[in-house]
A.B. asks: 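Sharing a structure, written as structure tokens. Questions coming.
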Amino acid sequence: MKFGIFYELSVPRPFSRANEWLTYHNALEQCRVADEVGFDHVWAV
């Protein structure tokens with residue numbers, strides 16, 4: 001069986017470069033950890 005994670009990234013209000021950066025940074029960190037623990041796929045929209 002293969003496992004993956006799916007992201008529908010959205011930046012919370014108030015919109016700012018800092019909030020946008022943090023949203024993507026957190027998602028990429030979660031992807032890195034998922035890879036370490038053996039997840040097979042990542043989808044993002």
A.B. asks: Hey, could you give me each pair passing salt bridge (charged side-chain N to carboxylate O under 4.0 Å, His left out) that has a residue in residues 24-45? Not counting sequence neighbours.
C.D. replies: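 Passing the test, one end in residues 24-45: Glu29-Arg32, Arg32-Glu36.
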A.B. asks: Go through the structure and list residues passing side chain to side chain contact (heavy atoms under 4.5 Å, CB included) with His41, not counting sequence neighbours.
C.D. replies: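 With sequence neighbours excluded, His41 shows a side chain to side chain contact (heavy atoms under 4.5 Å, CB included) to Lys2, Trp43, given in chain and number order.
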A.B. asks: Of all residues at least two apart in sequence or in a different chain, which pass the side chain to side chain contact (heavy atoms under 4.5 Å, CB included) check with Ile5?
C.D. replies: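 Ile5 satisfies side chain to side chain contact (heavy atoms under 4.5 Å, CB included) with Tyr7, Cys31, Ala34, Phe39, Val42 only.
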A.B. asks: Just to verify, what does Val45 make a side chain to side chain contact (heavy atoms under 4.5 Å, CB included) with, not counting sequence neighbours?
C.D. replies: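 With neighbours one apart ignored, the set is Phe6, Glu8.
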A.B. asks: Calculate, to the nearest 0.5 Å, the distance between atoms CG and CD belonging to Leu28 and Gln30 respectively.
C.D. replies: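 Rounded to the nearest 0.5 Å, the CG-CD separation comes to 9.5 Å.
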A.B. asks: Taking transitive links into account, so neighbours of neighbours count too, which hydrophobic residues share a cluster with Val33 at under 4.5 Å side-chain distance?
C.D. replies: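 Taking Ile, Leu, Val, Met, Phe, Trp and Tyr as members, Val33 stands alone, with no cluster partners.
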A.B. asks: Do the non-hydrogen side-chain atoms of Pro14 and Asn19 ever get within less than 4.5 Å of each other?
C.D. replies: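 Side chain of Pro14 against side chain of Asn19, heavy atoms only: contact under 4.5 Å found.
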A.B. asks: Not counting sequence neighbours, which residues clear side chain to side chain donor-acceptor pair (under 3.5 Å) with Glu20? List them please.
C.D. replies: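 With sequence neighbours excluded, Glu20 shows a side chain to side chain donor-acceptor pair (under 3.5 Å) to no residue whatsoever.
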